[in-house]
Amino acid sequence: MYPAEFRYHRASSVEEALDLLDRNPGAKFLAGGHSLIPMMKLRLAQPEVLIDIGRLDELAGVSANGDSLSIGSLTTHSEIASSPELRKHCPILAEAASKIADPQVRNKGTIGGNLAHADPASDLPAVLVALGATIQLRSRDGARAVPASDFFVELLTTSLAENEIMTAVEVPKLGAGTGSTYLKVEHPASGYAVCGAAAVVTVEGGTWTSASLAFNGVTATPLAALEVVEALIGSDATDQAIDRAVESRLSVPDPMSDLYASGEYRAALAAAYGKRALKSARDRAG
Amino acid sequence: MRVTISVEVNGTKHEREVETRTLLVHFLREDLGLTGTHVGCETSLCGACTIHMDGLAVKSCTQLAVQADGAKITTIEGLADNGNLHPMQQAFWDEHGLQCGYCTPGMIMAATKLVEDNPQATEREIREGLKGNLCRCTGYHNIVKAVAAAAKAGAPS
Ligand SMILES: Cc1cc2nc3c(=O)[nH]c(=O)nc-3n(C[C@H](O)[C@H](O)[C@H](O)COP(=O)(O)OP(=O)(O)OC[C@H]3O[C@@H](n4cnc5c(N)ncnc54)[C@H](O)[C@@H]3O)c2cc1C
Ligand code: FES
Ligand code: FES
């Protein structure tokens, strides 16, 4: 299984990577290679030019930035899962990263590649939507920030422009009183999410003051359950309130369907795991 | 397109010209003749091709040889010390952690990192840590026993 032939450049800075991209229209960035190389082996992708950004230290690592944390696009799933800052201030992201595939894949796969690839069965997209994260992009013309909820356009398609690179992902530091949980039903063979439920909630005095719930694996792009959350805010943080809100308000438009799980089954999983994720996040909010 | 890469494998530096599309596993097996690293699925799932690259367990069928330029690599051939089996290899032998042996190099490379990262790994943690390595023969039970035994023996890597 050899990929088709391609030309290869290793970039030594983000500037150089953007210049190379500019000079080679249709070139692809290579980060960890754990989505792109499998696609190239199957010849589902045949880029003529690869720009290897895998050694750009300026894009790697987690740093605190006031009330938020900035995660370089080249930070691997293993680094995210074990980052002390993320485990403390944004544990849901570390939890989701630790549920991706296996240790070898986590050692190479990066958050930037995961998001840019936009596989609907990936584990990180819905978590970033639930967190209200921001995606930082850069081109030779400047930088822009896109809310995670606007980043995923359709199956395997994002709002990343032809001439842009993703530099970082900003996530909020979750404060006291906020709990978060990521639950995953994984495909038994591939390990990808058949349904992944991400909940981030804040409870004060026994009522919900803020909540978000989003799903991976169920629809072509991450599904934000806005109506469910609307029904929760202001009500008592009880199991009954969760069950009622999910049962009456969760709508799953156009669920994906495959040999393993029908759309109907995926929608049922979303309801069951949405409830569980909300309850667990509430319990963790303490 | 061909490029020259320089890689340190099991302590020996190699400089070779490779085609850009050469997978790392094929570079190791065909260019360097290190056939201990196996190819099971070639689709990133089975782990038979696991090696250590700059200190991390990696599936070498899902890396390009050019990505390894400048890297330090250890393969199964690099574990034994002067003919003495590495404690993890010895534990697989003692606990019958293999039958046909096809998955074994990858299992051992994954297991040595697992124990190095978590010397007190529980049975559950061992099973989870070997999630990326498939075995068609053993039913995993003796593999898990072998890894636990090596951990107990304080296997250095
Ligand atoms: C066996 C296996 C199982 C897996 N299981 C799961 C799973 O359970 N859950 C899950 O979430 N994922 C899973 N994955 C996918 C894994 O998380 C990938 O590593 C990840 O999706 C891609 O990251 P990468 O760094 O390897 O990207 P690459 O493969 O290098 O790149 C992927 C795409 O993103 C683009 N890109 C990369 N970085 C940037 C950047 N900084 N700016 C702009 N574009 C960029 C590339 O051009 C390419 O189009 C699995 C992968 C494998 C091989
Ligand atoms: S051959 Fe690499 S994972 Fe199977
Ligand atoms: S011993 Fe035969 S595949 Fe594992």
Side-chain angles (χ1 to χ4, degrees), chain A residues 1-12 24 27-55 74 76-79 81-82 98-110 113 186-192, chain B residues 1-5 18-27 30 39 41-71 106-107 109-114 116-118 121 125-134:
Chain A
M1 275 172 113
Y2 277 82
E5 287 185 43
F6 55 86
R7 280 178 288 129
Y8 171 88
H9 299 284
R10 185 185 280 185
S12 52
N24 296 285
K28 281 248 168 226
F29 288 129
L30 177 66
H34 272 51
S35 290
L36 188 51
I37 295 174
M39 299 252 294
M40 289 172 65
K41 287 201 276 187
L42 296 170
R43 310 262 168 136
L44 294 171
Q46 299 198 22
E48 284 177 22
V49 178
L50 282 192
I51 303 168
D52 190 348
I53 56 170
R55 303 284 176 98
L74 268 188
T76 64
H77 306 322
S78 296
E79 288 162 348
S82 62
S98 76
K99 290 183 175 168
I100 292 177
D102 55 60
Q104 292 99 312
V105 171
R106 295 196 290 271
N107 281 340
K108 277 286 144 191
T110 66
E186 69 175 55
H187 189 285
S190 77
Y192 277 91
Chain B
M1 178 180 178
R2 297 179 73 83
V3 293
T4 302
I5 62 169
V18 294
E19 221 184 306
T20 51
R21 60 179 170 160
T22 308
L23 300 176
L24 181 56
V25 69
H26 292 140
F27 173 73
E30 286 152 32
V39 181
C41 64
E42 235 185 329
T43 52
S44 326
L45 289 167
C46 76
C49 63
T50 303
I51 54 152
H52 300 169
M53 184 164 151
D54 290 331
L56 298 173
V58 166
K59 292 178 177 175
S60 62
C61 74
T62 314
Q63 289 290 281
L64 300 168
V66 285
Q67 286 175 283
D69 184 24
M107 281 289 177
M109 296 314 281
T112 49
K113 276 295 158 205
L114 191 166
E116 190 182 309
D117 293 346
N118 183 2
E125 287 168 336
I126 293 172
R127 288 185 186 275
E128 278 173 3
L130 294 177
K131 202 173 155 201
N133 294 76
L134 302 182

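In the text below, chain A, chain B and the rest are named by the order of the sequence lines, each starting its count at 1.
- For chain A, the nearby parts of B/T20 are the backbone and the side chain; heavy atoms of each come within less than 4.5 Å.
- Put simply, the side chain of A/N107 gets close to the backbone of B/A57: a donor and an acceptor are under 3.5 Å apart.
- Taking every heavy atom of both residues into account, A/I37 and B/Q67 meet most closely at CD1-OE1, 3.3 Å.
- Contacts of B/E19 with chain A are made by side-chain atoms alone, with heavy-atom separations under 4.5 Å and no backbone atom involved.
- The shortest non-hydrogen separation linking B/S44 to A/P38 is OG-CG, 3.8 Å.
- Atom CD of B/E128 has more than 12 heavy atoms from other residues, nucleotides or ligands within 6.0 Å.
- Most heavy-atom pairs under 4.5 Å with chain A: of the set B/E42, B/M1, B/R2, B/M53, this distinction falls to B/E42.
- Residue contact with chain B, scored on non-hydrogen atoms closer than 4.5 Å, involves the side chain of A/R10 exclusively.
- Contact record, B/V58 with A/K108: CG2-CE, 3.9 Å, taken as the closest heavy-atom pair.
- In this structure, A/Y2 and B/H26 have side chains that are in contact, with non-hydrogen atoms separated by less than 4.5 Å.
- Using a 4.5 Å cut-off between heavy atoms, A/L30 contacts chain B through its side chain alone, with no backbone atom that close.
- Considering only heavy-atom pairs separated by less than 4.5 Å from chain A, the leading option among B/L45, B/V66, B/V39, B/T43 is B/V66.
- Neither the backbone nor the side chain of B/D117 comes within less than 4.5 Å of any heavy atom of chain A.
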- Query: Could you go step by step and tell me if A/K41 and B/L23 meet the side chain to side chain contact (heavy atoms under 4.5 Å, CB included) rule?
  - Reply: CA-CA 10 Å; A/K41 287 201 276 187; B/L23 300 176; 3.7 Å; yes
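- Contact annotation for A/L42: neither backbone nor side-chain heavy atoms come within less than 4.5 Å of a heavy atom of chain B.
- Counting all heavy atoms, side chain and backbone alike, B/L64 lies closest to A/F6 at CD1-CZ, 3.8 Å.
- Of the two parts of A/D52, only the side chain, counted from C-beta on, holds a non-hydrogen atom closer than 4.5 Å to a non-hydrogen atom of chain B.
- With a 4.5 angstrom heavy-atom cutoff, B/L56 touches chain A via backbone and side-chain atoms both.
- Residues B/K59 and A/Q104 share a closest heavy-atom pair of CG-CB, 3.7 Å.
- Contact tally against chain B (heavy-atom pairs below 4.5 Å) for A/S78, A/P103, A/S190: the top residue is A/P103.
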